Amino acid sequence: MKYVVESLADALMPRLCPVCGRSLVRGEKLMCTRCMMALPRTRSHLQRDNSIMARLSRPGLEPVLAAAWMEYSRHSPYAAIIRDAKYNSMPRLARDAGEMMAREMIADGMGEVLADIDVLLPVPMHWTKLLRRGYNQSRMVADGIAAATGIAVGDNLRSARRHSTQTRRSAEERRRNVAGTVRIADAGELRGLHVAVVDDVITTGATMADALRALTTEAEPRAVSVLALAAVHADEWGMRQ
């Protein structure tokens, strides 16, 4: 019966691969099999000293895990997954991608590392932006990871103030622009926990670093980790100093 309902739904409103535009068939969830096979995976969860870790590590702060599922380039067709989830009212893309990322990490032997994480905290969105968009895509990513792992999703990260767009800013300008934008609510709930901050895309790491700063100074978690759908390569547009 379920197959009949799904087939009827696909006939009335075909599901399309966000990367190549082909119709998805039964068993294909986020993207078509061909695009899934060619996904530019970072494999960063298998590399302790990866570029994401390098962007976020500070004296006294070193994440247990810093991982992104795929490399992000604005010129790549795979960028449509991030853009559609963020700007084109397709939050399901972010959730499905988060779930697939987590399942791949488990298949790669990272299940024990993920099992040590107590709570997923999405990077917050200011209420004015949330009101306009209707959802926080980072929360959708976290919900997808939770579906695959059973890790709880919390809302302790809050947006302290709005910040202007990061587009066309240098790395240093990005850091100054987001400094102090994240605050912690109910910090005591996080004390002694392994907390993973979740976002859709990591560029310079400025936003993520501000979230980690707030966590470590206000909440005293026993460990922090970072999970994102995508990470911009260091020489990509907008990353140069």
Side-chain angles (χ1 to χ4, degrees), residues 1-46 52 65 67-111 114 117 120 122-123 125 129-130 132-153 196 198-203 226-233 236-237:
M1 183 64 180
K2 180 181 178 182
Y3 173 62
V4 173
V5 173
E6 290 177 349
S7 298
L8 180 60
D10 287 346
L12 295 174
M13 187 176 294
R15 296 174 303 123
L16 304 179
C17 175
V19 180
C20 69
R22 285 197 297 266
S23 295
L24 299 182
V25 300
R26 187 186 183 195
E28 294 178 338
K29 191 172 184 180
L30 172 64
M31 65 187 91
C32 71
T33 302
R34 181 180 298 180
C35 290
M36 180 64 75
M37 294 292 289
L39 183 76
R41 292 170 172 82
T42 69
R43 313 295 291 175
S44 53
H45 57 282
L46 300 177
I52 303 168
L65 174 68
W69 190 32
M70 67 178 181
E71 290 188 357
Y72 180 88
S73 169
R74 62 194 178 101
H75 304 294
S76 168
Y78 288 91
I81 297 172
I82 303 298
R83 286 197 301 265
D84 286 348
K86 183 179 290 190
Y87 302 117
N88 295 331
S89 300
M90 298 182 184
R92 184 74 189 197
L93 288 179
R95 188 188 185 282
D96 288 348
E99 182 175 353
M100 288 187 178
M101 175 181 71
R103 293 196 185 283
E104 286 192 5
M105 291 177 68
I106 293 170
D108 283 340
M110 298 295 292
L114 291 173
I117 296 172
L120 304 168
V123 167
M125 179 181 289
K129 184 181 288 187
L130 183 61
R132 289 199 308 271
R133 188 170 296 171
Y135 59 91
N136 177 356
Q137 70 279 356
S138 296
R139 173 61 194 248
M140 296 297 104
V141 176
D143 285 347
I145 296 172
T149 63
I151 304 171
V153 180
V198 180
D199 206 356
D200 58 341
V201 182
I202 296 174
T203 50
V226 169
L227 296 169
L229 285 187
V232 177
H233 194 275
E236 175 69 10
W237 173 85

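Remember, predicted model here, so these are calculated numbers, not experimental data.
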**OP:** Could you go through the salt bridge (charged side-chain N to carboxylate O under 4.0 Å, His left out) check for Glu71 and Arg41 one step at a time?
**Re:** CA-CA 6 Å; Glu71 290 188 357; Arg41 292 170 172 82; over 6 Å; no
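Between Ala94 and Gln137, the closest heavy-atom pair is CB-O, 3.8 Å.
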Which atom pairs, one a donor and one an acceptor, fall under 3.5 Å between side chains of residues 81-91 and the rest of the protein, sequence neighbours left out?
unit_1 : atom_1 : unit_2 : atom_2 : d
Asp84  : OD1    : Asn88  : ND2    : 2.6
Lys86  : NZ     : Asp200 : OD2    : 3.2

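Taking 4.5 Å as the limit, some side-chain heavy atom of Cys32 sits within range of a side-chain heavy atom of Leu24. Between Thr149 and Ile106, the closest side-chain pair of non-hydrogen atoms falls below 4.5 Å. With a 4.5 Å cut-off on side-chain heavy atoms, Met110 and Glu104 do not count as touching. A heavy-atom distance below 4.5 Å is not found between the side chains of Asp199 and Pro122. When side chains are defined from C-beta on, Leu16 does not count as touching Arg22, because their heavy atoms never get closer than 4.5 Å. Inter-residue side-chain proximity for Met100 and Trp69 is flagged as met; some heavy-atom pair is nearer than 4.5 Å. Looking at Lys129 and Asn136, their side chains never come closer than 4.5 Å, going by heavy atoms from C-beta outward. Using a 4.5 Å heavy-atom cutoff, the side chains of Cys20 and Pro77 are not in contact.
The local environment of CZ in Arg133 is crowded, with over 12 non-hydrogen atoms from other residues, nucleotides or ligands closer than 6.0 Å.
For the atom pair CG (Leu120) and OG (Ser138), the distance works out to 12.0 Å, reported to the nearest 0.5 Å. The NZ atom of Lys29 lies 6.5 Å from the CZ atom of Arg95; values are rounded to the nearest 0.5 Å. Between Arg92 atom CZ and Leu30 atom CG the span is 10.5 Å, to the nearest 0.5 Å. From Ser73, atom OG reaches atom OH of Tyr78 across 12.5 Å, with rounding to the nearest 0.5 Å. Within the model, atoms CG of Leu39 and CZ of Arg34 stand 15.5 Å from one another, a figure rounded to the nearest 0.5 Å. With values rounded to the nearest 0.5 angstrom, Thr203 atom OG1 is found 10.0 Å from Tyr72 atom OH.
In this structure, the side chain of Arg103 does not engage the main chain of Gly98 through any donor-acceptor pair within 3.5 Å. Side-chain atoms of Thr42 come within 3.5 Å of backbone atoms of Ala68 as a donor-acceptor pair (strictly under, hydrogens ignored). Proximity of a side-chain donor or acceptor of Glu28 to a complementary backbone N or O of Val25 within less than 3.5 Å is detected.
Here the options are Leu114, Asp108, Leu227, the test is side chain to side chain contact (heavy atoms under 4.5 Å, CB included), and the partner is His45; only Asp108 passes.
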